[in-house]
Amino acid sequence: MAETAENIQVLVCTGTGGFASGAQGVIDAFEAEFEKQGLEAKIGKRCDIKKTGCRGLCANDVLVDVIMPGQEAVTYDFVTTELVPQIVEEHMLKNEAVEKKVAGKYYNQFLEKQQRIIFSRCGTIDAESLDDFLAHKGFEGIKKAVTMTPEEVIEEVKKSGLRGRGGGGFPTGVKWSFCKATPGDHKYLICNADEGDPGAFMDRSILEGDPYGVIEGMMIAAYAIGCDYGYVYCRAEYPLAIKRLQKAIDTCHEKGFLGDNCMGLGFKFDMRIKAGAGAFVCGEETALMASIEGERGMSRPRPPFPAVRGLWAKPTNINNVETFANVSYIFYNGAEWFNSIGTEGTKGTKIFALTGKVKHTGLVEVPAGTTMKEVIYDVCGGILNNRKFKAVQAGGPSGGCLPAEALDAEVDYDSLIKAGAMMGSGGLVVMDETTCMVDIARFFLNFTRVESCGKCIPCRIGLKIMLEILERITEGKGQEGDIELLEDMAYDIKKSSLCGLGQTAPNPVLSTIRYFRHEYETHIKEQECPSHSCKPLLHFKVIEEKCKKCGICPRVCPVDCITWEKGQVAVIDREVCTECTSCYDACRFMAIE
Amino acid sequence: MVNLTIDGTQVTVSKTATIYEAAKEIGIKIPVLCYAKKLMPYGACRFCLVQVEQMKGRLIPACTTPVSEGMVVTTTSEEIEKVRKTVMEFLLVNHVLDCPVCDKGGECDLQDLAYEFGSTSNRFEGEKFDLPTDEVNPLIERNMNRCVLCGRCVRVCDEVVGYGSYSFINRGFETKIATAYDRGLSCEFCGQCVSLCPVGAILPRPFKFKARPWQIKEVDSVCGYCGNGCTVTLGVKDNKVETIRFNDEIGVNDGNLCIRGRFGYSYVNHEDRLTKPLVRKDGQLVEVEWDEALQVAADGLAKAQQGQGAGILSGARLTNEELFMLKQVAKTLGTENLDNSGGECYKGVTEGLKETLGVAASTGTFPQIEHADVILAIRSDFYETHPVVGMVVNQAIRRNEAQLLVVADKKGKLDKLPREKTLLSQPGLELDVINAMCKVLLDEGLAKTDGVDGVEELQAALADFGLAEVAKRTGVDAAALQTAAKQLAGAGNAAILLAYGLPYQGLSTELATAAANLAMLTGIAGREGSGLYLCGEKANSQGAIDLGILPQGNGLGARAMLAAAAEGKLDALYVVAEDPLSSYPDRDSIAKSLENVPFLVVQDLFLSPTAEQADVVLPAASFAEKDGTFTNAERRIQRVRHGIKSPGEARSDGAILTSLAGKLGSSLAFTGSAAIFAEIGKEVPAYAAFNYNEIGPQGVVWGGETLQPASRKLVAVAGGVAADGDFKLVTGSALYHSGTISTRAKGPTAVLSEAYLELCREDAADLKVADGDLVKVSGNGTELKLKAKVGNRLPKGVVFTPYHFAEAQVNRLYKGEAVIPVKLSK
């Protein structure tokens with residue numbers, strides 16, 4: 001974020017996270033304060049407030065950068081409207097940063113190990129400003145691309161080693177060449193922005209923070225493949241992303257960047273947004289196409305692949321938001337530059353969305369090959385409340401849970417698959433020792449079961465039965481042989497399901513069984529939940545040896561069923577207890593089981 | 001062609017084949033549940049998973065995966081069988097398994113597969129489905145507790161029928177197949193979903209608890225209703241047709257059926273069927289023995305022939321062989337007054353086409369329509385008269401992106417299909433639109449005129465059919481008309497459809513002539529893959545034309561005979577398989593004809609209003625009770641087979657005619673249908689190429705898939721005349737009925753039991769008429785009261801009424817004109 005400027009610049013994070021934390025109020029407060037203080041007149045400089053995209057550390061929003069002329073940016077976190085007058089007063093007028101409110105060391109640590117390429121414009125430029133985009137290399141990529149033949153463009157993408165960021169990791173250049181090779185005078189380009197994995201939001205962030213960058217990536221692809229129309233299939237739950245992207249598309253139209261002769265570069269490309277209707281399965285490409293066509297979002301068999309017979313039966317190329325964003329940068333900096341980042345099999349950077357029991361949740365862009373440990377501990381500051389790390393769920397509901405032993409795994413496509421998870425869209429849900437792995441498997445399976453389109457039998461019925469077995473295990477009603485039955489049916493479901501949803505839905509179950517089989521066994525054989533997470537198996541008893549007699553549990557108990565006196569071990573009255581787990585969550589010493 | 005290996009056996013198949021189809025070709029059966037031959041690949045049930053060496057690591061659905069060169073396929077292995085069994089276990093967890101009381105039991109795909117896999121136990125448990133059944137309509141019962149969500153009903157209704165009754169709703173395990181708003185089924189009741197449901201989830205209600213499948217005797221025959229000629233399989237038990245089944249493996253029209261074919265069979269079992277001959281004695285029709293009845297009939301006819309003459313009028317539900325015998329009767333009797341009952345309305349074919357193209361039949365076959373790039377339907381009623389061809393049109397649009405153009409005075413089912421373009425014209429003026437299209441092609445140099453006579457004459461005659469004038473006259477958009485003409489001329493394969501029938505008598509010859517002109521100018525006539533389809537209304541209309549059941553020599557045609565009878569100039573009428581009083585235009589004059597003719601013989605299934613006037617009534621057999629051949633509207637000759645014996649003493653028309661010919665003194669004697677068919681070949685050269693016993697399930701098409709015109713002569717026809725009056729009444733077919741006979745069948749009448757007057761919302765509002773109100777319709781010197789049916793199908797000022805219902809006496813209003821000016825009042 002180190003940038004100097006002639007004017008005073010105030011960069012306010014206005015991603016969905018920023019807005020949710022009150023960014024609009026902060027912006028209004030700054031404007032009001034500027035006026036009240038007559039700031040511009042007083043210091044003889046203009047003060048610009050930029051509404052930028054997200055910069056990753058969403059947990060600490062609202063993030064505000066103040067850039068005084070000729071100086072490095074100073075970042076404040078947790079900015080509230082109340083804080084604004086102080087910042088203006090001290091930082092802008094007196095040029096003394098409000099040290100107490102400046103984001104701590106963790107913020108630099110958070111950024112240090114990252115390599116923010118795709119995010120380089122998110123958080124620094126005004127997301128809605130075409131001029132700002134153009135001032136930051138905007139549309140240089142497409143200008144460079146049209147100096148090459150479409151074949152050369154595809155070759156360049158192949159050379160870069162870019163693999164699809166939507167999860168499958170298919171080489172992007174190769175995918176483009178398939179669609180290019182299919183004869184047809186009318187081809188479609190689709191940007192998959194139906195980001196549905198729980199806890200993944202990097203695509204939203206890119207669309208909110210750098211919408212023009214995605215349009216540029218699509219233009220390059222359209223030029224290379226010969227597509228004349230594009231759709232961005234964006235989930236309707238992303239109103240801000242849709243608003244900004246629509247504004248960007250409209251602006252591009254007005255200025256002739258999109259249309260019959262894009263930027264005067266001699267090719268035709270037009271695009272529109274199609275808002276999804278809230279079905280997870282529509283992230284699957286064939287279901288997505290069905291949805292655009294106005295049909296129910298149900299997967300279709302492949303072959304024929306979209307490159308041969310896709311949207312409206314025409315050859316179609318589908319890539320994810322992050323992939324298109326990558327394409328722009330490949331053409332800014334060249335395939336060789338891109339190829340130099342990352343590992344053997346995975347080039348470039350990958351954005352991860354960290355959620356769960358980690359200190360700094362948010363979006364992290366690291367070069368492929370960074371280890372999971374580095375991401376969780378170095379970038380995101382480790383586990384919340386300094387509890388013990390237990391597992392990380394990588395790849396969303398289709399991915400797997402990796403245990404501590406797998407923390408040294410590098411984050412690239414192949415290593416993660418080897419470890420039993422997958423890159424997926426890049427969601428990382430971090431779990432600590434209070435998380436029950438059976439319950440986590442149940443959670444993800446419940447998600448996929450509900451989101452199954454219902455077309456093929458194994459996914460529709462198999463997942464439901466799997467879920468029921470998991471439910472009975474978490475209720476202490478597990479039976480001998482349940483684990484083997486789960487493994488066996490998981491295998492059959494994976495083998496027989498129609499689309500990626502069903503083929504990967506059992507992964508969380510399989511990976512938790514693989515690494516945490518003992519937890520399943522304890523549930524079934526001893527009717528105990530080792531993590532004290534499955535409510536029906538909780539005893540709600542204070543362990544005398546562990547109790548530090550701190551008195552926090554009676555204070556959090558909503559039904560006052562815990563008796564405690566200073567210096568005494570707390571006692572829970574099971575008759576009154578509603579098993580809400582407030583005391584368990586509150587206890588710092590794991591003294592309640 | 002592609003070579004591949006399946007289970008060690010080499011096979012060479014078309015490159016469009018799937019692994020499943022390739023395996024089937026060499027007798028390897030891969031289990032399937034959601035697959036259906038006539039539907040697009042779907043891949044939901046996962047039973048057909050196989051291993052392909054080139055796609056290691058995953059199992060490949062055989063029914064959706066196209067073959068590729070060198071593929072090595074394994075259809076069974078331990079892994080495959082395990083997965084299939086698990087999927088079956090999943091399916092059976094919540095399925096109700098009420099097989100003992102399920103009508104599908106014994107022919108249920110789920111049952112068969114479970115049996116095949118030996119699924120004796122289930123590792124999983126779950127609650128049985130407990131969803132309410134849909135029994136709102138009288139024809140189709142839906143029990144979603146038995147549903148396996150193969151989606152075949154959803155797909156057939158969309159892909160083939162083009163109606164779209166069903167959809168999946170909800171997600172995940174809660175997914176189910178539902179109708180709009182999950183209400184009871186309300187559709188056109190073609191029963192295609194019934195035919196395709198692999199389990200007992202969608203069943204024909206009339207068949208409920210009637211028979212176990214194995215108790216049913218199946219007889220493949222041809223539907224007795226319209227000129228589509230669909231293969232129907234009679235399901236017979238105890239000499240009763242209990243159900244109609246379909247045959248998509250070998251049947252004509254892919255086993256597709258409409259409501260008439262699927263549910264309209266019950267008239268053959270009707271208790272009102274005539275079972276004994278009747279002769280009028282002392283003013284009363286009394287039952288007599290066959291010999292007496294035949295003698296009275298023969299004597300009466302012979303006597304009349306000695307006088308002012310006798311006339312014979314035949315319906316088109318007789319087989320070719322029976323029609324041949326009818327002609328023999330006419331010959332023996334010595335009368336030239338012979339016509340088929342549709343004689344007047346088929347003049348488009350027998351005169352219009354004959355004069356222009358030198359043939360009297362459609363030039364293409366129905367399967368070709370599916371591959372047409374552009375389809376022009378003249379009059380929207382094609383779907384209503386020939387529903388299954390309408391389904392082919394739908395498939396052409398959905399599968400092959402065909403462009404459908406409709407030139408019509410009202411909207412119909414065809415107008416609901418994707419991308420269709422309706423050129424809505426004033427009633428009676430479709431002709432002008434076709435003429436204008438011809439003129440566009442001639443003026444713009446797009447017409448194909450090589451070897452076509454009369455170009456200049458036509459050009460001169462069409463001077464008044466400029467785009468602007470026609471647009472003004474007909475209300476059709478000039479630009480749309482021009483585009484349509486160009487699209488038709490520019491298409492690789494194209495089809496022009498025009499249906500014929502008793503309610504479409506006005507401008508019959510002119511429309512056909514104009515259509516033939518257009519077919520010549522666009523190159524459609526005689527071109528491989530393209531066709532001009534003039535389709536008769538009845539099952540054997542084309543046969544009647546082929547066999548020349550037309551006025552002989554200077555004989556009288558249908559209308560002329562009736563007119564002569566009315567004037568007392570004809571001494572006898574022999575009406576076979578037709579009820580002119582109910583179905584012919586101008587009922588009052590027909591009544592007069594029947595009253596004034598001294599001797600009337602009627603041969604029919606029921607004591608129809610016409611038969612009630614007869615002196616002799618001969619009880620005949622239905623299509624389900626006889627053998628022979630029908631020739632459908634695409635010239636396809638098919639075998640009709642009897643499934644049951646006729647009720648009482650009723651006899652087949654063939655048997656009756658043979659006896660009558662004998663009584664009249666003929667010495668002709670034939671030993672069955674095959675012999676007569678051979679005899680037909682001697683008189684109708686096109687039929688000579690075929691041997692009766694070698695006609696297979698697909699029938700035989702005379703004249704080849706593409707019939708070459710014998711001549712190409714453009715004939716100018718004048719335009720229609722716009723009707724004046726407040727409202728313009730048109731009559732025609734309703735989707736659920738065919739002719740008048742279907743009004744005796746429970747299925748069609750359950751959906752539509754009486755005539756109605758259809759009008760648009762705007763007119764209804766002006767007249768303050770609500771749906772179901774009685775409306776007075778007056779015109780042509782008559783007044784009728786009809787129930788209003790308010791919809792959005794008709795343009796303002798146009799009203800429609802179906803012609804099928806005898807009681808409504810719509811044919812007192814309708815006197816054969818293209819459009820009738822009427823007044824409406826509440």
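We name chains A, B, ... by the order of the sequence lines, and we start the count at 1 in each one.
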Looking only at heavy atoms, which two atoms of A:L486 and A:I473 are closest? And how far apart?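 It is CD1-CD1, 4.0 Å.
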
Between [X] and chain B, with a heavy-atom cut-off of 4.5 Å, which part of the residue counts as in contact: side chain, backbone, both or neither?
X	result
A:K464	side chain
A:I493	side chain
A:S497	backbone
A:I465	side chain
A:A313	side chain
A:L485	side chain

Side chains of [Y] and [X]: any donor to acceptor distance under 3.5 Å?
X	Y	value
A:S425	A:D197	yes
A:N192	A:D194	no
A:R442	A:N446	no

Structural part of [X] lying under 4.5 Å from a heavy atom of chain A:
X	value
B:N94	side chain
B:M88	neither
B:K82	both

Pick from B:G43, B:C150, B:A44, B:C34 with the largest number of heavy-atom pairs that fall under 4.5 Å of chain A: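 Option with the greatest count: B:A44.
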
What residue, out of B:V87, B:L49, B:L149, has the most heavy-atom pairs lying under 4.5 Å from chain A? B:L149

Parallel, tilted or perpendicular for B:F129 and B:F173, by the 30°/60° rule? parallel

Provide the full list of salt bridge (charged side-chain N to carboxylate O under 4.0 Å, His left out) pairs with a residue in residues 307-318 of chain A, sequence neighbours left out, each pair given once. A:K314-B:E401

What pairs with B:R84 under side-chain hydrogen bond (donor to acceptor under 3.5 Å, both in side chains), at least two apart in sequence or on another chain?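 Here no residue qualifies.
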
For chain A, which residues of residues 56-69 of chain B have at least one non-hydrogen atom nearer than 4.5 Å to it?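 So far as heavy atoms go, B:G57, B:R58, B:L59, B:T64, B:T65, B:P66 are the residues that approach chain A to under 4.5 Å.
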
Determine, using ring centers only, whether B:Y35 and B:Y20 are less than 6.0 Å apart. yes

Pair listing, side chain to side chain donor-acceptor pair (under 3.5 Å) test, anchored in residues 447-462 of chain A, at least two apart: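 Output for this query lists A:R449-B:E174, A:E451-B:R171.
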
A:C234 and A:K274, any side-chain heavy atoms less than 4.5 Å apart: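 Result no, sub-4.5 Å side-chain heavy-atom pair not found.
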
Using a strict 4.0 Å threshold on nitrogen-to-oxygen distance, state whether B:R152 and B:E159 make a salt bridge. no

